[in-house]
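Heads up: the structure comes next, in structure tokens.
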Amino acid sequence: MSSNAPAAAAPKAGAREWAGLAVLALPTLLISLDQSVLFLALPHLAEAMEPSGTQALWIMDVYGFMIAGFLVTMGTLGDRIGRRKLLMIGAVCVSITSVTTAYSTSAEMLIATRALLGVSAATPMPSTLALISNMFHDAHQRGRAIAVWASCFMAGTALGPVIGGTLLEFFWWGSVFLLGVPVMVILLIAAPILLPEYRDPDGGKLDLLSVVLSLATILPVIYGLKELARYGWEPLPIAAILVGVVLGAVFVARQRKLTHPLLDMRLFSSGGFTSALAILLFSMIATGGSYLFITGFLQMVEGLSPIEAGLWMVPSALASILAGQLAPAMAKRFALGVVIAVGLGSSMLGYVLIAFVSPVGGLPLLVAGFVIAFFGGGPIGALGTSLVVGSAPPEKAGSAAALSSISGDLGTSLGIAGLGSLGAAVYRSELELPAGLPTGAAETARGGMEGALAVAQQLPAEMGGQVLAAARDAYTSGLNTVGIACAVLAAVLTFTAATVLRGAGGGQGKSPQEEGPGPERPGQDETPSLAEGRLAALPER
């Protein structure tokens, strides 16, 4: 065929593909829901098992640690053994570990089962996103499908507290973990019918040392960031982060030498891929840090119950979902970088509103601020993820999907640690406690708003009220400062997206068929990708 011949249009997805997307949405919704549902269950769980403080922290955190640690491995494993196959294996594992977690009989057993549940949850996560690139060849349809996927993840995070609170009204704490069983049963029945299979015919063997190095890189960094958020600049979390960074350098060096690396570093040769990952990472820093202080304000300053606070967070999630759904349509008319930049600029305005929230009567302004901020973050969640996946050739889509998810997890942890430390420092510096407060009580109150609430309950009514008023003023000052920091970060990201992503096409650009024929590849189950042939054109190592 002549090189000047017009390229065939990319085939459009039909009813089967859209039904398959609904199947892929199920584990995405469940996994994000599982990350937030435990916040309400923890008091009930603590009453039943009486875990120590350290055990309670591990019960909360180990699930997220394991997901973040195994995403790269599972993304690459799916590329090599088959994405649908790994998705179904993960569904079975999630079902089994959900049941064992729900019926744990001790804190130690619950920590172990939550860890296994996290590993199980990491198994289907990259495959759900990577399979979208196999099912939706048309660039615009693929962008819409990824927007739906991203919206499901946000919806699960927002609905976790609401669904968890409802279940806890009628059942025991373990019921929140059993949500996964019927969802995964549906997935196991529908996946062979609606989802295609895909694997890299030239994937090679899985390098086990690279798997170990990836875990040794990600887990210490995530752990260190979370510990910094809780306890400040202590030696142990700083050392953990440094160990992770050093081992990360060793991991990268090894990947450059391997013929079949766990993570192909040539993915980062695409400017759109790297830029989108960076903007996703830093936008999630703002989201994670603001989310921490917003939920704290709702519960500790406004005095709302956890389920009431969860309901107040639903509008922001709906705004983000709406923006994510509108973004692909906007990207048809305007440059992708412009759409993302406008969204991030809107986020900046929302964070500016948060900077002016007051401790008394501040709820309306707070709600307006985070709804606008989350609405502005919707386009980068949808289009940025689409750009990351669309910039990778089909055999690397699992790895690209894993990196997209990791950037979100790492960004959230950085936001909680960095902006959490900033807000806590402002709280301590602004806290003006009443004279005559016992030294021990004063130290506890300065440790955080939670401590101030506990101290106020043990004091005479008048002094307790003064402590509460001072703590609410100081906490709100911390929230305002975090809002300013997030606004500055959003402003920088707005400029970055408008300039760096100006020429990026991502999932909204032309499909490979529209661009013209690329190099042929062996294998019958290959599907076209936006970046078909990009890595193949690079020199072999």
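Since this is a predicted model, take the numbers as computed values, not measurements.
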Hey, are the side chains of [X] and [Y] touching, using non-hydrogen atoms and a 4.5 Å cut-off?
X	Y	value
L24	L187	no
P27	V94	no
R84	S127	no

Using a 3.5 Å distance criterion without hydrogens, assess whether the side chain of R16 forms a donor-acceptor pair with backbone atoms of I193.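 Looks like yes, one N/O pair under 3.5 Å.
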Please check if the side chain of T494 supplies one atom and the backbone of G345 the other of a donor-acceptor pair under 3.5 Å. yes
Partners meeting side chain to side chain donor-acceptor pair (under 3.5 Å) with S214 (sequence neighbours left out): none
Pair T481, L419 - check side chain to side chain contact (heavy atoms under 4.5 Å, CB included), show working. CA-CA 9 Å; T481 303; L419 296 179; over 6 Å; no
Which heavy atom of [X] sits nearest to which heavy atom of [Y], and what is that distance?
X	Y	answer
T128	I132	O-CG1, 3.4 Å
E197	K85	OE2-N, 3.1 Å
I340	A497	CG2-CB, 3.9 Å
R144	W18	CG-CH2, 3.8 Å
S358	F297	O-CZ, 3.7 Å
A487	V352	CB-CG2, 3.9 Å

Can you tell me how far apart [atom1] ([X]) and [atom2] ([Y]) are? Round to the nearest 0.5 Å.
X	Y	atom1	atom2	answer
I81	L86	CD1	CG	4.5 Å
Q299	I294	CD	CD1	12.5 Å
E17	L195	CD	CG	10.0 Å
T217	F251	OG1	CZ	6.5 Å
T123	F70	OG1	CZ	8.5 Å
L493	S347	CG	OG	9.0 Å

According to ring pair (Phe, Tyr, Trp, His ring centres under 6.0 Å), who are the partners of Y475, at least two apart in sequence or on a separate chain?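 Partners of Y475 under the ring pair (Phe, Tyr, Trp, His ring centres under 6.0 Å) test: F293.
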Step by step, work out the side chain to side chain contact (heavy atoms under 4.5 Å, CB included) result for M66 and L219. CA-CA 8 Å; M66 292 297 105; L219 293 180; 4.0 Å; yes
Can you give the donor-acceptor pairs under 3.5 Å from side chains of residues 271-290 to other protein atoms, not counting sequence neighbours?
| from | atom 1 | to | atom 2 | distance (Å) |
| --- | --- | --- | --- | --- |
| T274 | OG1 | F268 | O | 2.9 |
| T274 | OG1 | S270 | O | 3.3 |
| S275 | OG | G271 | O | 2.8 |
| S283 | OG | I279 | O | 3.0 |
| S283 | OG | L280 | O | 2.9 |
| T287 | OG1 | S283 | O | 3.1 |
| S290 | OG | A286 | O | 2.8 |
| S290 | OG | T287 | O | 3.1 |

Result block: side-chain N/O donor-acceptor pairs under 3.5 angstrom for residues 315-326, not counting sequence neighbours:
| from | atom 1 | to | atom 2 | distance (Å) |
| --- | --- | --- | --- | --- |
| S316 | OG | M313 | O | 2.6 |
| Q325 | NE2 | A147 | O | 3.3 |
| Q325 | NE2 | S151 | OG | 3.1 |

Suppose we screen for side-chain contact (heavy atoms from CB on, under 4.5 Å). Which residues come up paired with [X], at least two apart in sequence or across chains?
X	answer
P124	I31, L87
A190	V23, L194
M330	F334, V339
A498	A341

Side-chain donor-acceptor contacts of residues 366-377 below 3.5 Å, not counting sequence neighbours, with atom names and distances?
none

Before you tell me yes or no, could you show the steps for L77 and M74 under side chain to side chain contact (heavy atoms under 4.5 Å, CB included), namely the whole-Å CA-CA distance, both residues' side-chain angles and the distance that decides it to 0.1 Å? CA-CA 5 Å; L77 186 61; M74 296 306 178; 4.2 Å; yes
